[in-house]
Chemist: 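Below are the structure tokens for one structure; questions will follow.
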Amino acid sequence: MLRRFIDRQLRDFNEDALIRIFKIFAAAAGVVLAYAFVFSGFQIVDEFEHLHASWLVSTGKVPYKDFFEHHNPLLWYVSAPLVNAFYDKAIIFYVMRGVSALVSLITLFFIYKTALLFASRAGAWLAVALTLGNLITLYNFYQFRPDNFMNLGFVVGIYYWFCYLKNPQRKLLVISFLAFTLSALFLQKISLLLIVVEAFIIGLIACKRMPLKEAVWAAVPAIGTIGIFILFLYTNGILEDYFIFNLNFNQAMVAYFDRGAFWYGNLFISFYGAALLIGLYLFKQQNIFYKLLFGLYAAEFLMRAYYFAPHPNYYTLLTMLAALVSAPVLDKVFPRYKIFMPVLLILMFIHLGLLFNRIDATSAKHNSFEHYKLADYVHKNSRPDDYLMNGYDKNFNIYRRDVSYYWFGLDMLLPIMEAEYKIKNKPDVNAYILQYKPKFIYVKNYPDLRAYRTYGESRYTQIFMPELIQEFYQKTPFEYLAVLK
């Protein structure tokens, strides 16, 4: 009787049923993401960095010239109108998280559409489920940083590139090349992978799979966009500064981090390693779209495994590509080993529950709601003309003046600047207190992360003078946060 019951359940367990389960899983992951949206996050200081940079450009400040930065500026100029519209309201932190989450949702849609080019509907939904059911996604899906915008541009670029190969229309290739270009203008991190894309396109042209003439004409709008960007840099007098801070400085920063995926561990023994094996197994059986995608995944995998990946946001695109590479495996496994599918699905939901516990634990150390409350308190208790001074691992200034050109990163970025460029007028938090009397400061000494990561030395780049703090400041309800008397 039990055998007949199992046989009947398996017979009714078809692709439509599987898709329904993946949709339920996606909805469950959405609940976890909603919790993480409010309470969690990794590198929350980066989000406040980009909020403040967006506000600064909305006031006419020019990056690299008027304030220190080492990222591409497109995110700040795109976000500036909305950030300025919420002037003096710290709730902009969650507003921009909502914008970033919307960008990630659109990216998921294009992941699904791309997967349909080489997998079934169930396989496409598997790609969505694998993307959502990953710790990296749960950390980064909603965070306001250029990574999510970069990922959208790259995934859209892949989708329309493949659409062109399937149905050669120049407009599809124009959209693809523009999307790739915007991806890089949001974040230069994608540049190495775009070189791989370009190599594949050259290969396709050489093999007569893409006409050279079409590729050249389609590249004109993308090249024009790059030209406009270079003209913007030149007319604002920051062309040289751009290359110093976005290329030379970032390359120098790589030298002070461990190489490879030291945050994640061994990528080969993980979901990413499994995706690599799946891709190798399916490579010969799949179409040109899958083969190109697997080539991009393998390149990204090697870069994250051996080059530079210090934080979770460096793995977001890798996660999406791994999910796409894994999508067709369902079409091979499901018909033959249907009996194992319920077990695997149960394990997926258990895994999601464990991820929720991990997110909850992360919230204890990186609680975004507490960070928001601190920023809200600061802005409600300060005037527009007040100075604020961010602290170690705690950016909270969105809409106020800074005490220095170097307004964040005194623990890691500034020591690298000193070592590489011999900067003059070294920032001194105590001198800033005496000169500017910032309304709020964060009284926590800055460790020298460059010295710690390079030599294993424990020392500080900035140490607050206790007598100075006692004379001018008093405590607030927030630990380490002090307000001017």
Side-chain angles (χ1 to χ4, degrees), residues 37 41-104 106 140-153 182-190 225 228-229 232-233 235-236 238 241-242 245-246 250 313 316 368 371-372 374-376 378-380 382 384-391 394-409 413 440:
F37 178 94
F42 210 92
Q43 296 293 104
I44 302 171
V45 291
D46 288 5
E47 296 183 80
F48 279 87
E49 171 196 339
H50 296 299
L51 285 171
H52 188 56
S54 298
W55 176 70
L56 287 173
V57 300
S58 78
T59 65
K61 300 289 186 182
V62 179
Y64 323 123
K65 181 167 69 176
D66 297 323
F67 62 94
F68 172 74
E69 258 300 348
H70 62 114
H71 296 91
N72 273 0
L74 183 57
L75 176 68
W76 314 321
Y77 283 93
V78 170
S79 306
L82 186 56
V83 171
N84 195 48
F86 281 81
Y87 177 75
D88 223 18
K89 296 179 177 61
I91 195 64
I92 188 62
F93 171 67
Y94 282 116
V95 171
M96 297 313 294
R97 274 196 165 193
V99 171
S100 196
L102 178 61
V103 166
S104 295
I106 298 171
N140 295 284
F141 190 88
Y142 46 84
Q143 288 202 303
F144 177 58
R145 61 196 329 158
D147 301 71
N148 288 342
F149 296 79
M150 176 198 77
N151 293 336
L152 174 60
L182 291 174
S183 176
L185 292 180
F186 273 114
L187 194 59
Q188 63 271 30
K189 188 190 304 179
I190 199 66
T225 302
I228 292 171
F229 177 64
F232 160 80
L233 297 175
T235 54
N236 281 280
I238 56 173
D241 291 334
Y242 171 80
F245 291 124
N246 284 270
N250 283 335
N313 54 298
T316 51
S368 54
H371 206 135
Y372 156 74
L374 185 150
D376 187 56
V378 165
H379 284 80
K380 285 181 177 177
S382 61
D385 59 343
D386 281 333
Y387 286 97
L388 299 180
M389 190 163 72
N390 290 316
K394 192 69 69 173
N395 293 341
F396 49 79
N397 185 9
I398 304 174
Y399 296 112
R400 298 289 182 266
R401 295 189 292 175
D402 300 301
V403 297
S404 171
Y405 173 83
Y406 298 98
W407 53 282
F408 73 98
L413 304 181
F440 285 94

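Remember, predicted model here, so these are calculated numbers, not experimental data. Computation of the quantities below employed the complete heavy-atom set of this structure, encompassing side-chain atoms and omitting hydrogens, waters and symmetry-equivalent molecules.
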Chemist: Locate the shortest heavy-atom distance separating D66 from G60; write the atom from each residue and the value.
Modeler: OD2-O, 4.3 Å
Chemist: Which heavy atom in V83 sits nearest to a heavy atom in S54, and how many Å separate them?
Modeler: CG2-CB, 3.8 Å
Chemist: Under the criterion side chain to side chain donor-acceptor pair (under 3.5 Å), which of H50, E49, Q188 is the partner of H71?
Modeler: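 For H71, the side chain to side chain donor-acceptor pair (under 3.5 Å) test succeeds with only one of H50, E49, Q188, which is E49.
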Chemist: Answer yes or no: is there a side-chain heavy-atom contact under 4.5 Å between S58 and Y87?
Modeler: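 Not touching, per the 4.5 Å side-chain cut-off.
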Chemist: Among all residues two or more places apart in sequence or in another chain, which pass the salt bridge (Lys or Arg N to Asp or Glu O under 4.0 Å) test with R97?
Modeler: E47
Chemist: Would you kindly say whether N246 and Y64 are connected by a side-chain donor-acceptor distance under 3.5 Å?
Modeler: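 Their side chains do contain a donor-acceptor pair, which is all the 3.5 Å distance test asks for.
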Chemist: Might you point out which heavy atoms bring W55 and R400 nearest each other, and give the distance in Å?
Modeler: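 Reported closest heavy-atom pair: CZ3-O, 3.6 Å.
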Chemist: Start with the C-alpha gap between V95 and I92, add the side-chain angles, then the distance that decides, and say whether side chain to side chain contact (heavy atoms under 4.5 Å, CB included) holds.
Modeler: CA-CA 5 Å; V95 171; I92 188 62; 4.0 Å; yes
Chemist: Once you round to the nearest 0.5 Å, how far does OG1 of T235 lie from CD1 of I228?
Modeler: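 Output value for this atom pair is 11.5 Å.
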Chemist: Does atom NZ (K61) have a neighbourhood of more than 12 heavy atoms from anything else shown, all under 6.0 Å?
Modeler: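 At most 12 heavy atoms, drawn from other residues, nucleotides or ligands, come within 6.0 Å of this atom.
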Chemist: Any side-chain heavy atom of W407 sitting closer than 4.5 Å to one from N397?
Modeler: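 Answer no - side chains too far apart.
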Chemist: Return the CG to CZ distance between L388 and R401, rounded to the nearest 0.5 Å.
Modeler: 10.0 Å
Chemist: When you look at F229 and L185, which way does the side chain to side chain contact (heavy atoms under 4.5 Å, CB included) test go after all the steps?
Modeler: CA-CA 8 Å; F229 177 64; L185 292 180; 3.7 Å; yes
Chemist: Give me the atom names and distance for the closest heavy-atom approach of F149 to L75.
Modeler: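 Taking F149 first and L75 second, the nearest heavy atoms are CE1-CD1, 3.5 Å.
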Chemist: Should Q143 and N313 count as side-chain neighbours, where that means a heavy-atom distance under 4.5 Å?
Modeler: no
Chemist: Let's go through V45 and F408 carefully: what are the C-alpha distance in whole Å and the side-chain angles of both, what is the deciding distance for side chain to side chain contact (heavy atoms under 4.5 Å, CB included) to 0.1 Å, and is it a yes or a no?
Modeler: CA-CA 9 Å; V45 291; F408 73 98; over 6 Å; no
Chemist: Is it true that the side chains of H52 and N390 contain a donor and an acceptor less than 3.5 Å apart?
Modeler: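 Short answer, no.
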Chemist: Quick check: does any side chain N or O of Y399 sit under 3.5 Å from a backbone N or O of F86, one acting as donor and the other as acceptor?
Modeler: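 The answer is yes, because a donor-acceptor pair under 3.5 Å joins these two groups.
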Chemist: Any donor-acceptor pair under 3.5 Å linking the side-chain atoms of N151 with those of T316?
Modeler: yes
Chemist: Kindly give the heavy-atom pair with the smallest separation between P146 and F186, and that separation in Å.
Modeler: CB-O, 3.3 Å
Chemist: Go through K89 and I398 one step at a time and tell me if the side chain to side chain contact (heavy atoms under 4.5 Å, CB included) criterion holds.
Modeler: CA-CA 9 Å; K89 296 179 177 61; I398 304 174; over 6 Å; no
Chemist: Please identify which of these residues, N72, D147, N250, meets the side chain to side chain donor-acceptor pair (under 3.5 Å) condition with K189.
Modeler: D147
Chemist: Do the side chain of N148 and the main chain of F141 share a donor and acceptor less than 3.5 angstrom apart?
Modeler: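 Side chain of N148 to backbone of F141, a donor-acceptor pair under 3.5 Å: yes, one is there.
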Chemist: Roughly how far, to the nearest 0.5 Å, is the CG atom of L187 from the CZ atom of R145?
Modeler: 9.5 Å
Chemist: Say you draw a straight line from OH of Y242 to CZ of F232; how long is it, rounded to the nearest 0.5 Å?
Modeler: 10.5 Å
Chemist: Could you check whether the rings of F93 and F48 sit parallel, tilted or perpendicular, using 30° and 60° as the cut-offs?
Modeler: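 F93 vs F48 ring planes: parallel.
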Chemist: What do you reckon, are the aromatic ring centroids of F440 and F396 less than 6.0 Å apart?
Modeler: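 Ring centroids of F440 and F396 are no less than 6.0 Å from each other.
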Chemist: Are the side chains of S368 and F37 in contact, using a 4.5 Å heavy-atom criterion?
Modeler: no
Chemist: Sequence neighbours left out, what passes side chain to side chain contact (heavy atoms under 4.5 Å, CB included) with Y405? Give chain and number order.
Modeler: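 For Y405 the side chain to side chain contact (heavy atoms under 4.5 Å, CB included) partners, ignoring immediate neighbours, are F68, F245.
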Chemist: Looking only at atom types and distance, does a side-chain atom of S183 sit under 3.5 Å from a main-chain N or O of M150, one as donor and one as acceptor?
Modeler: yes
Chemist: If I take atom CG from residue L374 and atom CG from residue N395, how far apart are they, to the nearest 0.5 angstrom?
Modeler: 11.0 Å
